[in-house]
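Step one of this worksheet: look at the structure below.
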Amino acid sequence: MIGATMSDDPTYTRMVERYRSGNVPWDQPLPPPEILEVVPKLDPGRALDLGCGYGRSSIYLALNDWYVDAIDFIPEAIKEARKRADEVGAEVRFHLHEVDDLSFLKGEYDLAIDVGCSHNMTVPQLIHYSNDLSKLLRDGAIFLLYARLCIDNSEPVQDGPKGLREETINDVYRQYFDLNWKRLGETIVEDQSPWPSGWFKFQRR
């Protein structure tokens with residue numbers, strides 16, 4: 001993360017341990033339902049998959065005629081994602097990089113997907129991230145965000161993402177994005193207690 005080495009970052013350490021052990025509960029053949037709902041309504045263009053993991057969303061997009069840049073900071077995730085993309089003939093440009101500094105990319109993108117990156121960031125990191133996205137996404141582009149939410153009765157975070165308050169998400173992203181819809185619910189990860197979460201569909205102004 002910005003201002004720290006990878007070895008100092010507990011999120012990095014936690015994620016490396018998961019990928020090395022194969023304990024990746026979100027490893028599914030298809031993207032989340034919210035992505036499967038939104039993407040078919042869009043004309044294919046340029047897409048960013050932020051925190052791509054094993055590449056399920058990236059591969060889906062590429063197989064549906066999108067030009068995809070996919071980013072993750074875990075070497076094991078990128079290695080496996082490249083393998084899976086090659087196996088099905090999906091042309092994805094995978095980048096081993098942190099998502100809180102996107103200055104190495106050049107816009108304009110028509111779609112960005114963040115499934116679980118924002119909720120590991122501090123507010124200053126989130127503001128920097130939002131600024132980077134605003135420069136990369138064209139006017140009218142869609143930004144799909146999934147995040148763990150912190151509410152007053154949330155369980156204390158043990159070995160999971162830090163989480164964000166809904167008002168923090170709104171405050172940070174409203175400078176550049178309009179909120180089209182949100183869907184609040186609960187996420188169940190097999191080795192953790194259920195926690196509140198939400199999907200947000202933003203549109204770049």
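- Both Leu133 and Met121 belong to a common hydrophobic cluster when Ile, Leu, Val, Met, Phe, Trp and Tyr are linked at side-chain heavy-atom distances under 4.5 angstrom.
- Taking the ring axis of Phe94 as reference, the NZ or CZ atom of Arg82 does not stay both within 45° of it and closer than 6.0 Å to the ring centre.
- Partners of Asp27 according to the side-chain contact (heavy atoms from CB on, under 4.5 Å) rule, which considers only residues two or more places apart in sequence or in another chain, are Val24, Tyr54, Arg84.
- The closest side-chain heavy-atom distance from Phe73 to Val99 is not below 4.5 Å.
- Ring geometry for Tyr129 versus Phe143: interplanar angle over 60°, hence perpendicular rather than tilted (30 to 60°).
- For Asn131, the side-chain contact (heavy atoms from CB on, under 4.5 Å) partners at least two apart in sequence or on another chain are Ile127, Gln175, Tyr176.
- Taking the salt bridge (Lys or Arg N to Asp or Glu O under 4.0 Å) definition, one finds that Asp132 meets it with nothing, sequence neighbours left out.
- Contact of the Ser197 side chain with the Trp195 side chain is registered, since non-hydrogen atoms from C-beta on lie closer than 4.5 Å.
- Residues that satisfy the ring pair (Phe, Tyr, Trp, His ring centres under 6.0 Å) test with Phe200, not counting sequence neighbours, are absent from this structure.
- In the hydrophobic clustering of ILVMFWY residues, with side-chain heavy atoms under 4.5 Å counting as a link, Trp66 and Val115 come out together.
- Residues Ile113 and Leu48 are not in side-chain contact: their nearest non-hydrogen atoms beyond the backbone lie 4.5 Å or more apart.
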Inset, instruction - Any chance you could lay out the side-chain contact (heavy atoms from CB on, under 4.5 Å) test for Tyr146 and His119, step after step, and finish with the verdict? - result: CA-CA 8 Å; Tyr146 163 83; His119 63 201; 4.2 Å; yes
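- Among residues two or more places apart in sequence or in another chain, the side-chain contact (heavy atoms from CB on, under 4.5 Å) test is passed with Pro32 by Glu34, Ile35, Arg56, Ser57, Trp199.
- Side-chain contact annotation: Arg46 with Tyr67, donor-acceptor N/O pair under 3.5 Å absent.
- By the salt bridge (Lys or Arg N to Asp or Glu O under 4.0 Å) test, Glu91 pairs with no residue at all, sequence neighbours left out.
- Close placement of the Phe104 and His97 rings is indicated, their centers lying within 6.0 Å of each other.
- For the pair Glu80 (side chain) and Ala77 (backbone), a donor-acceptor distance under 3.5 Å is absent.
- If you chain together hydrophobic residues whose side chains sit under 4.5 Å apart, Val172 and Leu149 fall into the same group.
- Within a 6.0 Å radius of CG in Asp139, more than 12 heavy atoms belonging to other residues, nucleotides or ligands are found.
- Under a hydrophobic-cluster definition in which Ile, Leu, Val, Met, Phe, Trp and Tyr are linked whenever side-chain heavy atoms come within less than 4.5 Å, directly or via other members, Val88 and Ile78 are assigned to different clusters.
- The pair Glu186-Arg148 does not count as a salt bridge, with every side-chain nitrogen at least 4.0 angstrom from each carboxylate oxygen.
- Under 3.5 Å, the side chains of His95 and Asp69 contain a donor-acceptor pair of N or O atoms.
- Using modelled atom types, one finds a donor on one side chain and an acceptor on the other under 3.5 Å when comparing Tyr173 with Ser118.
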Inset, instruction - Would you check, one step at a time, whether the test salt bridge (charged side-chain N to carboxylate O under 4.0 Å, His left out) holds for Arg183 with Glu37? - result: CA-CA 13 Å; Arg183 294 177 184 170; Glu37 173 190 338; 2.6 Å; yes
